[in-house]
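In the text below, chain A, chain B and the rest are named by the order of the sequence lines, each starting its count at 1. Bear in mind that the values here come from a model prediction, so they are computed numbers and not experimental data.
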2 protein chains.
Amino acid sequence: MTPKGRPRAFDCDDVLRRAMRIFWEKGYEGTSMTDLTTAMGIGAPSLYAAFGNKAELFAAALKVYETQIGTAIWESLEKAATARQAFADFLKETALSYAQPDQPRGCMIALEGLFGDADAIPAREALRERRLDNVRLLRERLERGVADGDVARGIDCRKVADFYATVQHGMSITARDGASPDALLNTADAAMAAWETLTSPR
Amino acid sequence: MTPKGRPRAFDCDDVLRRAMRIFWEKGYEGTSMTDLTTAMGIGAPSLYAAFGNKAELFAAALKVYETQIGTAIWESLEKAATARQAFADFLKETALSYAQPDQPRGCMIALEGLFGDADAIPAREALRERRLDNVRLLRERLERGVADGDVARGIDCRKVADFYATVQHGMSITARDGASPDALLNTADAAMAAWETLTSPR
DNA sequence: CGGTTTATGTATCGATCGATATAGAAAGGA
DNA sequence: TCCTTTCTATATCGATCGATACATAAACCG
C-alpha cells in the first residue's frame, strides 16, 4: 500500500548513507546542517521531517555504519576455527578496512565522541558502549578458544582482549595520519607476534 | 625593566595552562571562547590581546602540553640503557600518564585534529606532524639499539616503531573510555610480549 | 473536480559562534 | 599634575549554528 500524501523525492537509505559518510569524515561537531543538506541533496525541512534532528540523524547514521562497514571486521572474528586465526583475521580486516582509499580513514566508532561531555555529543555514551562492546566480543572469542581447547586455560582473557582492542583503536589514528594498507598490515602482524607469549599458560 | 602602560592583571603562563586543559578536555571544536574566558578568568579582549585568536591560543596551549605533559613519556625513551627497557618504560609512562586521575584522559596530541580538513582545525597538520615525529623518535631509539648492539641487526625498525606508536595511540582512546591505570599497564605489558619476536633476526 | 495529506522550497528564527569597538582604569614619564 | 601607553570591562558586531513557519506542490480519495 502506498502512503497518503506527496511522496518523498529522495531515497531515505541513500541520503542516510551520505550523511553517515559526512559524519565519518568530519565528525559530529565538525559537521554542520548545511554540510549535511548539501551532501544529502535535500532541504533542511525534509531532513528534519525524515530524521528528527542532528543527534537522531547521527544515531541513525551510526547504525548504518555498523551494519554496512563494521560488520566485515567482526564477522571475521567468528568465522575462523581457532582464536589465534580469528584475531589474526580480525586485525588484517581492520588494517584493510581502515586504509581503504575510497572511504574515510579509520573507524567512525573509535574516533568519534572522545571529547567533551554527553551534552556536546549526544551519542557519546552510545559510542563508548560500542567500543566497550567490541572489547567484550574479543574477550568472548578468547574464552571460546579456551573452551574449544585451542587456547590454554588460565590465561588473562581480559588483558589480551584489552590489548588487541587498543591496537585496533590505535590503528584508526594511525590510519587517519595516512598510513598505507601495508603499514597497517605490518602493525597487525606485529601485534600477533605477542600471541604466543600472551596465550601461553602462566 | 618594567613595561610601560597598565600591567596585566593575570599571569600569562597560568591562564595558558588553564586554556590547555580546556582544549585537552573538550577538543578544539568543542571549546568555545566563552569556555576559555571563563576557565582562564579573563575577558575576551584580554585574551585576544595576549594570544591573537583561537587558533594561535591553541598552538600556544599545544606547546605548553608538550613541555609540561608530554616530556616525561619521551624522556623515558632516552634514559634507559637498552632499547627494550626504553620501550617498556615508554609504554609504562604512557599508561600511568594517560590514566592520571587529576587530568584529562589520554593524549591531547593523539586525540586532537583527526576530523575534518585543515580549515576546520588550523593545527591539524601540526598535530599530525607531531604524531609522525613521535613514530620517528621510536624508530631512532630502535636504530640506536641496533648501533649499541642490544638489538639484532636486520630487523624492520619502521615496522616495530609503527606498532608501538599505534599501541600508544590506542591507549589514548582506551583511556578516554575510562580504563584504569592497571588496565593500561596490562596493555603495555602485553605489547612488550611481542618484543622478542619482533627484534629477533629474520 | 475539490478535499485531505504529506513533502518541498524559501525565507528566516533565536542562540551562539569567534572576534572587536569603545570608553574608562591603571601604570610610568614629564 | 597631565600625557602617553597599555590593559580591562561592557556591549556588541556580522556570520553561522541548529531548527522552523509558511506557502506551495504533488500525491490519493471521494
Side-chain angles (χ1 to χ4, degrees), chain A residues 1-16 18-20 22-23 26-62 112-113 115-124, chain B residues 1-16 18-20 22-23 26-62 112-113 115-124:
Chain A
M1 157 185 172
T2 50
K4 290 189 293 185
R6 177 174 175 175
R8 282 211 177 88
F10 59 90
D11 178 54
C12 228
D13 292 338
D14 177 52
V15 299
L16 187 52
R18 294 170 188 264
M20 179 265 286
I22 299 294
F23 278 131
K26 310 179 80 166
Y28 182 80
E29 290 174 316
T31 301
S32 69
M33 298 307 294
T34 305
D35 291 333
L36 290 166
T37 54
T38 301
M40 298 164 83
I42 64 176
S46 300
L47 193 160
Y48 282 93
F51 302 104
N53 57 27
K54 188 184 179 185
E56 292 179 51
L57 175 61
F58 180 81
L62 189 60
E112 194 89 52
F115 283 113
D117 41 22
D119 181 57
I121 302 184
R124 185 183 150 88
Chain B
M1 156 188 174
T2 51
K4 288 190 293 186
R6 177 175 175 176
R8 282 212 177 88
F10 58 90
D11 178 55
C12 228
D13 292 337
D14 177 52
V15 298
L16 187 52
R18 293 169 188 264
M20 179 265 287
I22 298 295
F23 279 130
K26 311 180 80 166
Y28 182 80
E29 291 174 315
T31 301
S32 69
M33 297 308 294
T34 305
D35 292 332
L36 290 167
T37 54
T38 301
M40 298 164 83
I42 63 176
S46 300
L47 192 160
Y48 281 92
F51 302 104
N53 56 28
K54 188 184 179 184
E56 292 179 53
L57 174 61
F58 180 81
L62 190 59
E112 193 92 50
F115 283 113
D117 41 22
D119 181 58
I121 303 183
R124 184 182 150 87

_Once you apply a heavy-atom cut-off of 4.0 Å, does Ala49(B) come out as touching a base, just sugar-phosphate, or nothing?_
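Touches nothing.
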I need the [atom1]-[atom2] distance between [X] and [N], as an integer number of Å.
{"X": "Lys54(B)", "N": "dC17(C)", "atom1": "NZ", "atom2": "C1'", "value": "8 Å"}
{"X": "Glu56(B)", "N": "dA19(C)", "atom1": "CD", "atom2": "C1'", "value": "13 Å"}
{"X": "Arg8(B)", "N": "dT5(D)", "atom1": "CZ", "atom2": "C1'", "value": "14 Å"}
{"X": "Ile42(B)", "N": "dA19(C)", "atom1": "CD1", "atom2": "C1'", "value": "14 Å"}

*So which heavy atom on Phe115(B) is nearest to which on Glu112(A), and how close?*
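What the structure gives for the nearest pair is CZ-OE1, 3.7 Å.
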*Can you find a heavy atom in the side chain of Glu29(A) that is under 4.5 Å from one in the side chain of Ile121(A)?*
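Counting from C-beta outward, Glu29(A) and Ile121(A) do come under 4.5 Å.
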*Per the end-axis method with five pairs at each terminus, what is the bend angle of the helix from dC1(C)-dG30(D) to dA30(C)-dT1(D), to 10°?*
10°
Which pairs, protein N/O on one side and nucleotides 28-30 of chain D N/O on the other, fall under 3.5 Å?
none

Are there any protein N/O atoms within less than 3.5 Å of an N/O atom in nucleotides 20-25 of chain D, and if so, which ones and at what distance?
residue	atom	partner	partner atom	Å
dA25(D)	N3	Arg6(A)	NH1	3.0

*Does Ser46(B) have a side-chain nitrogen or oxygen under 4.0 Å from the phosphate oxygens OP1 or OP2 of dC7(D)?*
no
Acceptor/donor pairs from residues 37-49 of chain B side chains to any protein atom, 3.5 angstrom cut, sequence neighbours excluded:
residue	atom	partner	partner atom	Å
Thr37(B)	OG1	Met33(B)	O	3.1
Thr37(B)	OG1	Thr34(B)	O	3.1
Thr38(B)	OG1	Thr34(B)	O	2.7

_Pairing residues for Phe23(A) by the side chain to side chain contact (heavy atoms under 4.5 Å, CB included) criterion, not counting sequence neighbours_ = Tyr28(A), Thr31(A), Leu36(A), Lys54(A), Leu57(A), Phe58(A), Ala61(A), Met108(A)
*asked:* Please list, in numerical order, the residues of residues 26-40 of chain A that have a heavy atom closer than 4.0 Å to any atom of DNA chain C.
replied: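 By residue number: none to list.
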